[in-house]
2 protein chains.
Amino acid sequence: MKSCGLIVEYNPYHNGHHYHFQQAKEITGADCVIAVMSGNFLQRGEPALTDKFSRARIAVEQGIDLVVELPYFYAVQHSELFAKGAIQILNSLQADAVCFGSEHGQIDEFKQLYQTIRHRQHDYQETVKVALQEGLSYPKANEIAFYQVSDQQVSLDFTKPNNMLGYQYVKNIYDLNSSIKPVTITRVQNNYHDIEINDSIASATSIRQALLYNENSIDNAVPFFTNQVIAQYKNEHERWHHWQAYFPLLKYRVLTMTTAELQAIHGIKEGIENRIVETAKLASTFQHWMELLKTKRYTWTSLQRIFTHILTNSQKSEIESLLSDHHPKGFRILAMSKQGQEYLRYKKKSIDIPWFTSNKPPYPYHLMDERIDHAYYSILPVNSQQHLAKQPYSRPIIKDA
Amino acid sequence: MKSCGLIVEYNPYHNGHHYHFQQAKEITGADCVIAVMSGNFLQRGEPALTDKFSRARIAVEQGIDLVVELPYFYAVQHSELFAKGAIQILNSLQADAVCFGSEHGQIDEFKQLYQTIRHRQHDYQETVKVALQEGLSYPKANEIAFYQVSDQQVSLDFTKPNNMLGYQYVKNIYDLNSSIKPVTITRVQNNYHDIEINDSIASATSIRQALLYNENSIDNAVPFFTNQVIAQYKNEHERWHHWQAYFPLLKYRVLTMTTAELQAIHGIKEGIENRIVETAKLASTFQHWMELLKTKRYTWTSLQRIFTHILTNSQKSEIESLLSDHHPKGFRILAMSKQGQEYLRYKKKSIDIPWFTSNKPPYPYHLMDERIDHAYYSILPVNSQQHLAKQPYSRPIIKDA
């Protein structure tokens with residue numbers, strides 16, 4: 001049985017994702033497609049529009065065979081750690097290939113770049129260090145180092161987020177000596193940050209914008225089932241999840257924390273805690289708060305990740321200890337098709353990381369996940385909170401036939 | 001210049017409070033009436049209906065000469081500590097008398113009881129200890145000890161909350177060797193816990209009930225100015241403060257705290273933190289949460305005080321360190337009349353605790369107060385939060401002539 005891994009967020013699952021899934025299956029000849037998906041909070045430090053269970057359900061309905069959750073402490077991180085967690089899980093799951101979308105679309109250059117940088121590791125790291133000292137953001141410092149070390153021979157454009165992520169996937173596959181074969185396809189969708197739906201392949205950003213501000217219909221840009229599930233979510237729970245809805249909670253939280261407590265939160269450094277408190281007093285919306293906070297050194301996404309960690313009370317001591325493990329202590333299956341179940345049975349003996357089908361102990365991250373789920377659901381009506389908080393303790397979603 | 005101290009919460013200032021003020025002035029012949037008032041959170045562990053500034057303004061308009069804030073760590077405490085903080089401030093302010101309302105109404109019996117208990121201190125404390133071990137609440141244990149030590153000769157009914165508070169005032173006056181003369185008047189108002197307005201002298205509980213649930217007019221039960229100020233507060237800030245409004249914040253907070261963090265909160269003991277977390281998951285309203293939590297050992301008010309400390313992030317280490325001081329390191333004037341200003345000038349040299357007129361440093365509790373104010377205002381629209389959070393840094397309210 002051949003398998004292919006995808007690394008996804010599905011926020012929400014749209015036509016571009018479906019195209020990616022179909023292409024991956026075709027190119028790699030996989031019988032089983034495994035999606036490693038972020039949970040309720042995403043890599044860019046945002047709450048997902050709807051919860052991980054609704055998103056996993058859409059994925060299996062659309063044909064994905066296994067939806068595995070990327071644990072929070074890998075998911076809400078810069079691209080290096082995000083990629084590391086995802087590749088480790090796919091490696092343990094014996095995936096034969098990983099197929100990622102990239103703006104570049106040619107796998108060879110990703111591989112060459114890996115070789116180049118590996119041979120000039122020291123120069124690379126020195127360049128990053130100097131750039132950070134000059135007050136640049138972490139992604140910008142990496143971008144500069146890439147160009148410098150590759151003698152600007154590289155045609156990969158690292159200002160494109162999916163090229164950067166793709167590089168990290170390839171790097172982690174080789175660093176692990178994994179037998180996973182990296183494959184890339186060109187992203188045909190609009191630019192990641194586009195905010196208007198112009199096409200049947202639209203960016204997730206534009207789809208969320210259309211939903212949250214009721215601007216356009218998203219019918220042309222997402223599968224029917226996506227539309228149905230996310231509409232139902234809002235009907236049942238009164239809202240979708242987005243930062244502004246968390247603004248009162250987050251502001252309350254920041255303004256009642258001691259300085260020492262803020263300093264203990266993962267991602268807080270260099271006195272940013274003082275700026276967070278001072279700007280909290282002035283901000284009238286979440287967007288306004290972000291604008292007041294933004295500096296050259298902190299990207300928008302790194303600030304959002306800090307806010308996520310404050311909201312979920314994720315502390316340095318906890319996250320750093322989890323990251324210091326060589327690989328995840330376990331992972332969780334959120335949803336599976338019959339084929340996915342079959343795959344797990346078939347590979348059972350060779351999967352070297354324990355896997356779990358609910359958030360019950362001994363799942364190693366059950367306490368963390370419970371806290372994060374509560375934070376995520378906290379903006380919903382109390383009945384919804386109680387109802388949704390039970391899902392993690394039920395059996396995973398299984399698609400019949 | 002003769003002065004009389006009152007120990008109050010004014011939530012809100014009603015006809016019974018006004019009668020108490022007038023009687024106190026008449027009986028003690030005071031030229032200056034000083035009210036030591038709880039701030040934004042009250043002795044029974046509740047947010048005040050409107051903030052301390054609005055309540056202080058009503059008080060000076062009604063004739064009080066000085067409104068002094070009882071610091072949070074004395075205010076949100078059982079009667080012993082509440083009384084201790086208030087009496088120490090009034091003693092430092094050189095009050096000639098303290099006049100309190102009690103159900104009993106005769107001062108001599110309070111004094112006699114103090115002497116009796118002082119001579120049988122050891123028996124008293126042993127009885128309290130045994131009763132606590134048997135699982136009774138702190139007030140109940142004290143009540144039993146009172147009766148036992150006084151050989152049931154006492155006609156003071158300690159199930160009445162104002163008799164208990166009154167006793168603590170008298171006790172603290174004598175323990176301090178203060179020259180304050182304790183005076184009591186009979187409370188003519190309805191029972192403290194009455195929830196209906198039957199009279200021009202109604203309980204504060206019934207008045208809040210009428211306001212929050214829009215049941216009756218409160219016009220007959222409060223001075224015109226009270227009505228005006230609290231109506232204006234709601235007009236400007238959309239709501240009054242009551243526990244249910246904080247329920248989403250408190251639930252979010254409890255469900256994202258670690259066990260160690262909950263255990264560090266002032267008032268948490270004996271594993272109540274586990275019950276708080278488990279009941280949080282089931283509760284549909286604040287009232288429901290309280291009902292799920294309530295046991296014989298914990299009174300309703302002691303649980304509400306714990307919730308207040310969770311909401312304001314008030315930790316054992318902080319509160320215990322503040323309480324270990326022999327007397328408050330400072331106190332704050334919230335409002336004064338010309339007569340009150342005159343009194344402070346006149347007594348300046350003999351007031352032995354530094355006093356402050358804003359929440360700016362070096363006011364010793366400025367960081368704590370800022371945190372508490374933010375928690376208190378957090379349920380209001382963001383514009384109101386920003387506007388109201390500036391008040392503590394302005395000059396106190398001064399009533400002209």
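Below, chains carry the letters A, B, ... as their sequence lines are ordered, and counting in each starts from 1. FYI, side chains are in, hydrogens and waters are out, and symmetry mates aren't considered; it's all heavy atoms of this structure. Because the structure is predicted, anything quoted here is derived from the model rather than measured.
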Exercise. State whether the side chain of Y252(A) and the backbone N or O of L311(B) hold a donor-acceptor pair below 3.5 Å, judged by distance alone.
Key: yes
Quiz item: At a heavy-atom separation under 4.5 Å, does E318(B) approach chain A through its side chain, its backbone, both, or neither?
Solution: neither
Exercise. Look at the side chain of Q386(B) and the backbone N and O of A283(A), then say whether any donor-acceptor pair between them is shorter than 3.5 Å.
Key: yes
Quiz prompt | A389(B) portion near chain A, given a 4.5 angstrom heavy-atom threshold | solution = neither
Quiz item: Hey, what do you get for OG1 (T256(A)) to NE2 (H374(B)), rounding to the nearest 0.5 Å?
Solution: 9.5 Å
Self-check item: Most chain B-contacting option - heavy-atom pairs closer than 4.5 Å, from T285(A), L367(A), L249(A)
Solution: L249(A)
Quiz item: Which region of Y377(A), side chain (C-beta onward) or backbone (N, CA, C, O), has a non-hydrogen atom less than 4.5 Å from a non-hydrogen atom of chain B, or is it both or neither?
Solution: neither
Quiz item: Does K294(A) NZ have over 12 foreign heavy atoms under 6.0 Å away?
Solution: yes
Quiz prompt | Shortest non-hydrogen contact from N313(A) toward R253(B) | solution = ND2-NH1, 4.5 Å
Exercise. Please determine, among L282(B), T312(B), T258(B), N383(B), the option with the most heavy-atom pairs under 4.5 Å with chain A.
Key: L282(B)
Exercise. For the residue pair K281(A) and Q385(B), confirm or rule out a side-chain donor-acceptor distance under 3.5 Å.
Key: no
